[in-house]
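Below is one structure, written out as structure tokens, with a few remarks after it.
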Amino acid sequence: MLPQTPYNLLSRVYRVVDTLGNYVDQLVPEIFVELPDDPPYFVAVLNSWIICLSKSAAEIEPKFKYFKPSITQSELIKRVQYKMLKLPDRSNVLCLGNRIPDERDDNSMERVVSYAINTNVEKLKDRVWRQLLERIGEGPMIHILSTCSIFEPVGNDCFVQLCGAPLSDLLPSNNIRGAKRAQATEAAEGPPEKRQRAETGAILPPKKIINTPADIPIARSRIFYSRPQLVARNKVRLGLPGSHALNKVQPDRTAQDTPESHQKKLEAAARHLSKYIFPQQYKLKSVFTCAKDSKAPNPFPSFEDREVEIL
């Protein structure tokens with residue numbers, strides 16, 4: 001039984017929404033994907049993970065016969081990534097952080113090379129998926145990873161997408177990428193009234209840049225590998241750096257402060273901190289509205305210090 005809230009959301013985008021176990025049973029009719037002696041963790045994945053298909057089952061009708069797999073799950077994933085990266089539209093969650101190498105790469109003999117960590121790939125290599133590959137064979141597994149979208153439950157009716165086109169690109173009522181393309185066309189041509197304003201010399205407002213979560217990489221070099229701050233005698237300073245927002249909003253209580261005045265200081269500090277956490281609510285710059293510098297190691301600013309912008 002699928003949770004109602006995720007099912008309602010996914011049904012807006014996909015025509016087939018089912019559990020992994022039910023879908024695989026229809027995919028390979030000659031086998032039973034779930035057996036009585038299967039371990040609980042395997043059964044849990046079959047009954048709780050969601051698999052979706054953008055086309056209806058009647059249009060595709062995929063049916064496979066079982067053949068014992070001749071490659072490992074890791075090799076199969078590389079093969080699927082290579083297949084997807086060869087397509088004109090490479091927007092597949094499974095391919096994030098991977099590309100096809102060229103002659104300049106040291107490991108150009110590899111079909112696919114990784115330039116960033118993709119935790120989805122590691123999840124699809126664990127024991128459950130290795131066991132599922134042995135159970136259903138190569139053909140059905142390639143079909144699942146290259147054609148379907150898989151969602152892993154993480155609690156509270158929340159799911160993480162592991163493969164398939166990003167769900168944020170498919171939502172009809174919130175297609176941000178479609179809005180970006182429309183903005184680009186409008187910026188090039190412009191509607192009639194804006195073209196008239198441009199001809200008269202009026203200054204048009206700048207276009208608002210909208211970045212989706214898929215456009216924003218996690219700056220691992222800043223989070224995990226930044227240089228430590230040192231104090232006297234080259235000892236490492238513990239805690240957050242002095243420039244961090246949490247170290248800027250600690251109001252000191254003086255002898256002249258009354259409980260009411262100190263409470264006002266705390267409230268002002270909380271409002272100041274909220275401008276770092278929710279910048280768009282205060283019309284401040286954020287990674288969703290600033291331009292992306294694709295040539296820089298970190299394509300977006302850190303926004304570590306907003307004091308001048310806030311003032």
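In this structure, the side chain of Q131 does not engage the main chain of F42 through any donor-acceptor pair within 3.5 Å. S286 places a side-chain N or O within donor-acceptor distance of the main-chain N or O of F288, the cut-off being under 3.5 Å. Proximity of a side-chain donor or acceptor of N98 to a complementary backbone N or O of V112 within less than 3.5 Å is not detected. D169 places no side-chain N or O within donor-acceptor distance of the main-chain N or O of L167, the cut-off being under 3.5 Å. Using a distance-only test at 3.5 Å, with no hydrogens or angles considered, a donor-acceptor pair links the side chain of N118 to the main chain of N120. Using a distance-only test at 3.5 Å, with no hydrogens or angles considered, a donor-acceptor pair links the side chain of K63 to the main chain of Q26. The backbone N or O of N8 sits nowhere less than 3.5 Å from a side-chain atom of S11 that would complete a donor-acceptor pair.
Applying the ring-ring contact (aromatic ring centres under 6.0 Å, His included) rule to pairs touching residues 147-166 yields nothing, sequence neighbours excluded.
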- Task: Determine, stepwise, if the pair E30 / K65 fulfils side chain to side chain contact (heavy atoms under 4.5 Å, CB included).
- Result: CA-CA 7 Å; E30 66 183 76; K65 291 186 177 181; 3.4 Å; yes
- List the steps and the verdict of salt bridge (Lys or Arg N to Asp or Glu O under 4.0 Å) for D38 and R135. CA-CA 11 Å; D38 282 335; R135 186 71 53 85; 2.9 Å; yes
- Message: Please evaluate residues E138 and F67 with respect to the criterion side chain to side chain contact (heavy atoms under 4.5 Å, CB included), reporting the C-alpha separation (whole Å), side-chain torsions for both, the decisive distance (0.1 Å), and the verdict.
- Response: CA-CA 7 Å; E138 295 176 24; F67 295 98; over 6 Å; no
- Query: Does the side chain to side chain contact (heavy atoms under 4.5 Å, CB included) test come out yes or no for Y14 and L170, once each step is laid out?
  - Reply: CA-CA 9 Å; Y14 303 101; L170 303 177; 3.5 Å; yes
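Taking the side chain to side chain donor-acceptor pair (under 3.5 Å) definition, one finds that N22 meets it with D18, T19, sequence neighbours left out. Annotation: side-chain contact (heavy atoms from CB on, under 4.5 Å) contacts of K285 (sequence neighbours excluded): F303, E309.
Nearest heavy-atom pair, R130 versus K125, reported as atom, atom and distance to 0.1 Å: NH1-O, 2.8 Å.
A 4.5 Å side-chain heavy-atom check between E304 and Y276 finds every atom pair outside the cut-off.
Note: M141 CE to L27 CG = 10.0 Å, rounded to the nearest 0.5 Å.
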